[in-house]
Structure formats: structure tokens, C-alpha cells
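Each remark here refers to the structure printed beneath this line.
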Amino acid sequence: QVQLVESGGGSVQAGGSLKLSCTASGPSYRRTHMGWFRQPPGKAREGIAAISISDSRPAIADAVRYRFTISLDDTKNTLHLQIHNVRPEDTAVYYCAAGAYVADLFSPREYNYWGQGTQVTVSS
């Protein structure tokens, strides 16, 4: 099965930058899309960025547009999320996800595989 491992989380001051990474292993045909989700304290998990594996076409949620960038390396096994100008409201556990049949890019229900998450804490 597909396994996903996130890295790069930590504490950062507001206005700073952070880069998260996710390494995938297992059958590539089970991954047509990969994405990033986040879950702030006391709130539901929300989709923030996604990318199609076949053509690397990115999609960014309005809440983080222009500050967050999603990318996939040439091996198509490592996903990145570059975060600029972080804000306190960005504080959340960030999850990497992958799915084989993804219709709604930002819906958690569309994804079959999940990493354990990495904490991002933004101080003001």
C-alpha cells in the first residue's frame, strides 16, 4: 500500500517561511493526485493544495493563495509545500494525502492514504 511521511514542520514567527515535504512509497498507480490538508486546533481538516501526478497541475485554496506553493519533484515521489509570509492562523497540523480516484481536490473523503501529520506553529 501507499505510505506517506511528512517532514519540515516546526515553529516559525509570523512573516517567516517554511517548507514541508512528503515522501511517498508504494504503488504509483494508487496515486493519481496528492495534496496537503491542515487541521487547526478545534477545527475540521481542510484542503489547501493539491496536484495531479500525471501533469503536475497545481491547485491552491483561496485561503492560502499567493503564499503557499505546491510542487512535485521529477521522481513524482516527493511532494513539497512552500509557505511564505506565515500567519498565526496558519497554525495547524499539516497532512500529506494521496488518492487514486479524486473528483474533489480539496475533500478529505476523496483521498485514500494519509501521512501522520507535521505540526506548524506560527507565533506573532
Side-chain angles (χ1 to χ4, degrees):
Q1 64 176 1
V2 174
Q3 292 185 317
L4 306 171
V5 180
E6 302 100 335
S7 62
S11 298
V12 62
Q13 288 185 307
S17 298
L18 203 66
K19 187 175 183 178
L20 308 182
S21 297
C22 171
T23 299
S25 60
S28 60
Y29 68 87
R30 298 297 296 172
R31 295 185 289 114
T32 66
H33 294 79
M34 295 184 71
W36 289 99
F37 293 75
R38 68 182 182 184
Q39 188 164 13
K43 296 183 179 180
R45 190 172 300 187
E46 63 174 344
I48 53 173
I51 193 165
S52 62
I53 304 302
S54 61
D55 60 6
S56 297
R57 181 173 296 181
I60 306 294
D62 289 343
V64 299
R65 196 178 305 276
Y66 306 119
R67 298 191 298 113
F68 287 34
T69 301
I70 188 170
S71 61
L72 188 68
D73 72 6
D74 291 339
T75 70
K76 299 191 176 182
N77 290 327
T78 302
L79 186 72
H80 303 281
L81 185 69
Q82 181 68 56
I83 309 172
H84 295 291
N85 192 25
V86 296
R87 302 169 180 172
E89 55 263 39
D90 293 326
T91 295
V93 177
Y94 284 72
Y95 296 92
C96 176
Y101 308 102
V102 177
D104 185 348
L105 295 175
F106 299 140
S107 173
R109 292 189 61 190
E110 299 290 326
Y111 293 81
N112 306 102
Y113 308 102
W114 296 86
Q116 293 299 305
T118 185
Q119 177 71 46
V120 173
T121 302
V122 182
S123 60
S124 60

Just verifying a value: how many Å separate Tyr94 OH and Trp36 CH2, rounded to the nearest 0.5 Å? 10.0 Å
For the backbone of Gly99 and the side chain of Thr32, can you confirm whether one donor and one acceptor N or O come within less than 3.5 Å of each other? yes
More than 12 heavy atoms of other residues, nucleotides or ligands under 6.0 Å from CD of Glu89: is that the case? yes
Rounded to the nearest 0.5 angstrom, the OG1-CG distance for Thr23 and Leu4 is 9.0 Å
Taking the side chain as every heavy atom from C-beta outward, state whether Val120 and Leu18 have any pair of such atoms under 4.5 Å apart. yes
In this structure, CG of Leu79 is separated from OG of Ser21 (nearest 0.5 Å) by 8.5 Å
Kindly determine whether Gln39 and Glu46 satisfy side-chain contact (heavy atoms from CB on, under 4.5 Å), including the steps that lead there. CA-CA 6 Å; Gln39 188 164 13; Glu46 63 174 344; over 6 Å; no
Hey, what do you get for CG (Leu81) to CD1 (Ile48), rounding to the nearest 0.5 Å? 5.0 Å
Please examine the side chains of Val64 and Arg38, heavy atoms only from C-beta on, and report whether any two atoms are closer than 4.5 Å. yes
Taking the six-membered ring for Trp and the single ring otherwise, decide whether the centroids of Phe37 and Tyr111 are under 6.0 Å apart. yes
From CZ (Arg57) to CG (Leu105), nearest 0.5 Å: 10.5 Å
Between Ser28 and Lys76, does the side-chain contact (heavy atoms from CB on, under 4.5 Å) criterion hold? Intermediate values first, please. CA-CA 9 Å; Ser28 60; Lys76 299 191 176 182; over 6 Å; no
What's the separation between atom NZ in Lys19 and atom CD1 in Ile83, rounded to the nearest 0.5 Å? 11.5 Å
Criterion side-chain contact (heavy atoms from CB on, under 4.5 Å) on Thr118 and Leu20, from CA distance to verdict: CA-CA 8 Å; Thr118 185; Leu20 308 182; 4.2 Å; yes
Do Val2 and Val102 belong to the same hydrophobic cluster, where Ile, Leu, Val, Met, Phe, Trp and Tyr are linked whenever their side-chain heavy atoms lie under 4.5 Å apart, directly or via other members? no
Nearest atoms (heavy-atom pairs only) where Ala61 meets Phe106: N-CZ, 3.7 Å
Step through the shown structure and confirm whether more than 12 heavy atoms of other residues, nucleotides or ligands are within 6.0 Å of CG on Asp55. yes
Distance-minimising heavy-atom pair for Cys96 and Glu6: N-OE2, 2.8 Å
How close do Thr91 and Pro41 get, heavy atom to heavy atom, and via which atoms? O-CD, 3.8 Å
Whether the side chain of Asp90 engages the backbone of Val122 through a donor-acceptor N/O pair (distance < 3.5 Å, no angle test) should be reported. no
Walk me through it: do Arg87 and Arg67 pass the test side-chain contact (heavy atoms from CB on, under 4.5 Å)? CA-CA 10 Å; Arg87 302 169 180 172; Arg67 298 191 298 113; 3.5 Å; yes
Does the distance from a Lys or Arg side-chain N to an Asp or Glu carboxylate O, for Asp62 and Arg65, drop under 4.0 Å? yes
Quick one about Ser17 and His84 (side-chain donor to acceptor, distance below 3.5 Å, no hydrogens or angles considered), yes or no? yes
Under a 3.5 Å distance rule, please check whether Thr75 uses its side chain to pair with a backbone N or O of Asn77 as donor and acceptor. yes
Short N-O contact, Asp104 and Arg109, less than 4.0 angstrom: no
Exactly one of Gln1, Gln3, Arg30, Arg31 clears side-chain hydrogen bond (donor to acceptor under 3.5 Å, both in side chains) with Tyr113, and that residue is Arg30
Under 4.5 Å between any side-chain heavy atoms of Phe68 and Gln82, yes or no? no
Non-hydrogen atoms of Pro88 and Ser124 that approach each other most closely: CG-CB, 3.9 Å
Identify the two heavy atoms, one from Val86 and one from Gln13, that lie closest to each other, and give their separation to 0.1 Å. CG2-O, 3.3 Å
Within the structure provided, determine whether Ile51 and Ser56 are in side-chain contact (heavy-atom separation under 4.5 Å). yes
